[in-house]
Structures are given as structure tokens and as C-alpha cells.
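Report on the structure given below.
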Amino acid sequence: MNPLLQVVSLTKEFGSLSVLRGIELTIHEQEVVSIIGASGSGKSTLLRCMNLLEEPTSGSIWFEGVDLANEPVDLDRLRSKMGMVFQSFNLFDNLNVLDNVTLAPRRVLGVDKEAAEVQAKSLLESVGMSDFLYQRAKKLSGGQKQRVAIARALAMNPKVLLFDEPTSALDPEMVGEVLEVMRKLAKQGMTMVVVTHEMGFAKEVSDRVVFMDQGIIVEQGPPSKVFSQPKEERTKEFLKRVLNDR
Amino acid sequence: MKFLRNPFVMILFLVIALGVVNVISPGAFTLFSTTVEAEVSETDDPELIEAMNGLVLYSEFNYQTLTQAKLDQLSYGFYLPIQYGDVSIAWSSDSSRFDIASVPETIPVMSQTGPIDIEVLHVQVLSLPSALQGNDPFIMTATFSNELHESQKQYTGQLVPVMPDDFWGGVFFTFFRYLSLFVEGVLTTLLLSLAGTVIGFVIAILLVLMRSIRPARHEATISRLLRKGLQGFAKFYVTIFRGTPMIVQAAFFWYGLGLFGDAMLCGLFVVSVNTAAYIAEILRGGISSVDTGQMEAARSLGLSYVQTMRYVILPQAIKNAMPAIGNEFVINIKDTSVLSIIGIFELFNQTRRIAGMHYRQLEAYFVVALIYLFLTYTVTHLLQKIEKRLDMPVKELTSSN
Ligand SMILES: Nc1ncnc2c1ncn2[C@@H]1O[C@H](COP(=O)(O)OP(=O)(O)OP(=O)(O)O)[C@@H](O)[C@H]1O
Ligand SMILES: [Mg+2]
């Protein structure tokens, strides 16, 4: 498996607050990596540094043979190859479902309207949203919004999808439908980095689990290892806490 | 177009339509103006010619000379001389509103050689037209004759309504008598405030974009200076135009700089740049009301900052700001009155003109207050209806490709 995205010696500070303190992480093609950890441990910040929504303080992000963090690159072009799915969906409220999905292909890739709509319709079908093409994004339920958001990210044919707690803002009965879509994507070989609190999903779907605490990666490995035989004390504590919570 | 059924809205559109027609073809409404042609028959007799040219009519007021201007604004009686040297003059008229006496009387008038008594026929005004009827034109025919010849000359004039002394009568009179002037004023006011708001809105978008440019990641010194310059300019602009009264801006650009050489254009410029400053602030608020998540989502898809603004943020910001922008239009309807100081005859200035004609300020300003109230109320109502329509779900994205 080839490395697709490489995070090297990454640090991030917000003023005097040191949020990431030397992160080394390699994502391989077709790999599904789950990032778990306590609130405030820097998971979101790490994910947002990967597509430079946050500017790293130091370190490198290697993607497509360039160092995004340090080289003067065409960020918009590279970002278009990394899809991102947010906890709060962030659909475009002024557009309907179909236009949410076609906007970026049309404006960034220059795909013509008809072609973009054909592709969007098939993507929306695959996430089970074909009945809502002309609905205003605002009027959808959380689970529906998130599935549209996934279709929107997929419409750019990204090399990797970054998920930041995609189910945390959902009502419990809607979590399943979104996880189902993500499972399907994983099966199809999509490279995914998923920040999640869904331990079940992490265990079942991911190839690798990364546990973060206080801005560093404490432990990583296949889910069977990390969940059943964690090496680090902090990992054990965290798992005990979250698994007992349910 | 259900909202057209509202009576206020119907009246507004009717007034606009009337006004536009009146601008395109002046005098289209007899209510507003009438003219009659006077005829003079040809004669070679020098004595008659001299009499016809030299004859003077006299007003009831202190026997003052009745000029053509006064004849056209007549609301009182007058005297018609029946003799000019050896020429005698006979009078007739088509008007039923006055009565030419059959028995002459003598009045003292001033001549070049001093006061003299002349023989005249007293014309008594029996009735004046009402404000609704408007000016009533008349023709009087004078037949000049000496022993040898006879010739005719016509005099034209208008009987005009007079303002009743009581308040409500005065209000009624002012409104109907000067309806065309009010309509002209309304039209100018609406044009200035609507065009000013629309142009101001376009300028405001530019200002907001200038102000919200984000630095590129590896910014060159030149683009940094440019960005700071534009941001500074936009801030400066808003501070200046919001911080000074529009009346001062108008005087500055018109009397100070003589901008455009045309008061109306200069006025439109002033309203536009002034409104732009306010709308820019409104839009800035509108932009910050769109949550940053959508900006991040768009950027994560590879849309540039400008594309994100154009396709995602601004459409929402503008929609959120629509009520406030509509409000700016309503404010402009009132505030364009200050443009009277640069000589634009919008509604307020038009009213000043009307008030000056009769020295009856109270009635004129009462009427104009009602007209302003009608305008702001109706426009506010219209805007609310339009907003409701805009809020309906869109079926498809209507954007240029
Ligand atoms: N823009 C910011 N400015 C200042 N501090 C920030 C900013 N973003 C995040 N932080 C801080 O950085 C730390 C890590 O935040 P981050 O969102 O990465 O945590 P997280 O692991 O995703 O937590 P959660 O599970 O609650 O989402 C927190 O203390 C947070 O307050
Ligand atoms: Mg987070």
C-alpha cells in the first residue's frame, strides 16, 4: 500500500495553547483510519491541518508529492482532492440538495451542468437521497443532511475523505443511516480518516485506530489490538471510560 | 400579483403611471394645463393699430394694469376701457363665469401725463372654478372701430380657483390644485431613492468585498499593500459617509465640486454613495450571520474565497440583509428631501414652491406630510410582500453558467 497522506512533525499552537505536539501519521491508499481520543485532545485540529483549514505552526503535510504546509502550492486544487465531512454538516443553505452537490464540480472542475447533475443524481442515489433532489438543504433532517454532505464531498472524486465526528450531532435514530453509507464507502476502497466517538464503528470498519491524548498520538494499530490489548495506560483509561459509558 | 389589490399599492402605481405619462407627453391631462389661442384680425388703419397695441386693461385692485401674466391668473374682476383716443371699443366674452357691465363707469387711472379718468365697463366675476375643475380659460373679443374701419382683437386669460380660508378647504385645494406638481415631486423622489438604493447596493457589495479580502498564504509585499489599501479605503469610506450628514455631502459635491454639472445626476450620486455606506455595514452583518462552517465546507471542496463568497455566502448575506436594505429605500424616500438644497425639485422642494404661491404653509406641509406617509407606508407594505415571495422555496438554482 502506498502512502497517500503523510503528516510529519506537525505542531499547532493557538496563541500560547499547544494543541498538537509533534504528530507523525501516515495514511495509505484505501485505508480507513479512525482517530479516537478525549475531548480537547486535538483530533479535529489534526484533521483540519491535513487540508489546511488550519495553518500548522510547524511540520509538514505531504500529499501528491508536495508539502502543503511549506510549499507555495495551489491549495484550492489540492483541497478539491480531499473531501471533508463536518460534524455540523455545513450544507449550503441557499441551495437545494442537487445544487449542493453540483456546485463544486461545476465551479472548480468546470464540469458542465448536465454532466454534473447526472453524477450528482447517482451519488445521491447511492446515499439514499434521490427523493430529495430539489429540497432546500435547510429543510432536511440531520441524517439526511449528512448523507448529502457525503455525496457532496464524493462529487469531487477525492483521493481521501476526512470525517470529523460525522454522527455526533445526530439524533441516535439517524446515526445508523450515516454509518451505513460510510461502511459502504469503506468497502468500495475509499481512503478515509474518521475522527469518531463511535467505538463500534471504529472497531468494525477501520483498518487502523489512532488514539490521541493531549496533542500527541499515544498509540495506534489495528482495532483488534488497540481495543482488546491496549499497551498504554492512557489508552486503557480512555477505553474503560468510554466503553463503560454506554 | 395579489398584492396589487391593496388600494394603497394601486394608488401608488396609478400615480407613477400618471406621472410617467405626464413626463413623456406634457399636457396630456386637461386637469393640469390648458391653453387657448388669441386671434387678431388684420387692419391697415394706423389709428386702430395704435389703439389695439396701446390699450390697457385694469384690475379691480387699485386699478392696476392687467398684464397678460395677471390675466392668466385671474380670480378677481377688472375693467375694460371703451375708448382709446377716437377709437371706441366694444366687448364680448364666451365666459359664463363673469359678467361684462352694460353701463360704463368712470375710474381714475395713472397715465404718462398723470392721473386721468377713463370710461370703462366693469367685469364682475360671478363664479370661480373649484380646485377640482382647475383653471378655466376664457376669450374676450374687443371690437375696435373708428368712423372708417373696424377690427377685432382677442384677449385670453384664465380664471383660477382660489384657496378657501379654512384649513380643510385649503388642504383639499392645495392637493387637487397642485396635484401635477406633487406627482412630479413624488416621481423625482421615488426615482432618486430607488435608483440611489440600487446603485448604493452595488457599490456596497464592492466595499464589502474590499474589506473582507483575506490574505493569501504566502502573500507578496505588493499584494499585501494593495489589500491593506483596499481595506483601508473601504473602512474610510464607510466612516466618512456615515459620519457626515447627507445635506453636507450634497452641498460639498454640488456647490463645492460642481459634480456632473447637473443637479439631478449629482443628487443621485450623493444618495447612492451615501446609501452604499449604510448598506455595506448591513451586508457585513449579513455575512457574519452566515455561519463560518459553510465557508469552510466550500473551501474544503476547492472553491476559492471569491467563488465561495459569490455562490454561497453573499446570496445568503444579501437575503438576510434584504429587510434592512428595503428599509434603506424607505429611509431614502424621506431623506432625499435634503437634496432640495441643491435645487432638485423632489417632493419636498416642490411643496416649498407650492407653499410659496399662496403663503399658506400649514396646508401645503400638511399635504406633503400625508404624501410622504402614504409613500413610506405603501413601499414598506410592498417590500414585505416581496420578501415573503422571496422566502418561498426555490425549485432550481437560477444561475448563469
Ligand atoms: N480556533 C481555535 N482557537 C483557539 N483554540 C482552539 C481553536 N480550535 C481549537 N482550539 C483548542 O484546541 C484544543 C483542541 O481542540 P480540538 O477541537 O482539536 O479537540 P478535539 O479533540 O476535536 O475535541 P472534541 O472531541 O471536543 O471535538 C481545545 O482546547 C480547543 O479549545
Ligand atoms: Mg473535534
Side-chain angles (χ1 to χ4, degrees), chain A residues 47-48 50-55 68-96 98-110 112-114 116-117 133-139 149 152-153 155-156 158 162 164, chain B residues 205 208 213-224 283 285-323 325 387-401:
Chain A
L47 206 65
R48 293 160 56 80
M50 288 182 185
N51 66 356
L52 258 81
L53 282 183
E54 295 293 355
E55 183 94 15
L68 303 189
N70 300 296
E71 292 172 35
V73 293
D74 182 353
L75 252 191
D76 291 334
R77 195 181 62 80
L78 290 166
R79 273 195 188 126
S80 72
K81 300 181 178 188
M82 292 190 256
M84 192 165 209
V85 176
F86 301 83
Q87 180 175 351
S88 50
F89 330 121
N90 298 345
L91 291 188
F92 307 135
D93 281 341
N94 57 321
L95 303 179
N96 65 26
L98 189 61
D99 294 331
N100 258 278
V101 180
T102 58
L103 179 68
R106 287 175 64 191
R107 305 299 170 190
V108 178
L109 305 177
D112 68 59
K113 192 172 180 219
E114 287 74 39
E117 288 189 351
L133 297 184
Y134 302 109
Q135 278 263 5
R136 272 288 192 85
K138 249 186 193 171
K139 307 242 160 103
R152 178 177 69 178
M156 296 299 283
L162 311 174
D164 190 359
Chain B
I205 288 185
V208 163
I213 307 170
R214 295 279 160 275
R217 279 181 68 226
H218 302 280
E219 197 181 30
T221 317
I222 293 190
S223 66
R224 204 180 93 90
L283 281 181
I287 285 174
S288 56
S289 75
V290 180
D291 75 304
T292 53
Q294 293 186 48
M295 171 62 96
E296 291 192 340
R299 301 306 305 274
S300 80
L301 287 164
L303 287 154
S304 68
Y305 175 77
V306 173
Q307 284 176 321
T308 306
M309 282 307 249
R310 171 159 171 213
Y311 297 115
V312 178
I313 309 295
L314 272 181
Q316 295 179 60
I318 289 170
K319 209 182 135 202
N320 294 347
M322 230 40 212
I325 292 171
E387 268 156 38
K388 269 201 195 124
R389 290 192 142 243
L390 288 180
D391 216 33
M392 303 219 291
V394 284
K395 280 278 168 258
E396 218 164 337
L397 174 68
T398 48
S399 78
S400 57
N401 200 342

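Labels below follow one simple rule: chain letters A, B, ... track the order of the sequence lines, proteins then strands, and each chain is numbered from 1.
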Applying side chain to side chain donor-acceptor pair (under 3.5 Å) to B:Ser288 and not counting sequence neighbours gives none
To the closest 0.5 Å, what do you measure between [atom1] ([X]) and [atom2] ([Y])?
X	Y	atom1	atom2	result
A:Asn90	B:Thr292	CG	OG1	7.5 Å
A:Asn100	B:Leu301	CG	CG	9.5 Å
B:Arg299	A:Asn51	CZ	CG	10.5 Å
A:Met50	B:Ser300	CE	OG	14.5 Å

* **Donor-acceptor contact present, side-chain A:Asn94 to main-chain B:Leu314, <3.5 Å** => no
Quick one: does [X]'s side chain get under 4.5 Å of [Y]'s, heavy atoms only?
X	Y	answer
A:Leu103	B:Val312	yes
B:Arg310	A:Arg107	no
B:Gln307	A:Val108	yes
A:Arg79	B:Leu303	no

Side chain, backbone, both or neither: which part of [X] has a non-hydrogen atom closer than 4.5 Å to chain B?
X	answer
A:Phe92	both
A:Arg152	both
A:Met156	side chain

With chain B, the option among A:Asp93, A:Leu53, A:Leu91 that has the most non-hydrogen atom pairs under 4.5 Å is A:Asp93
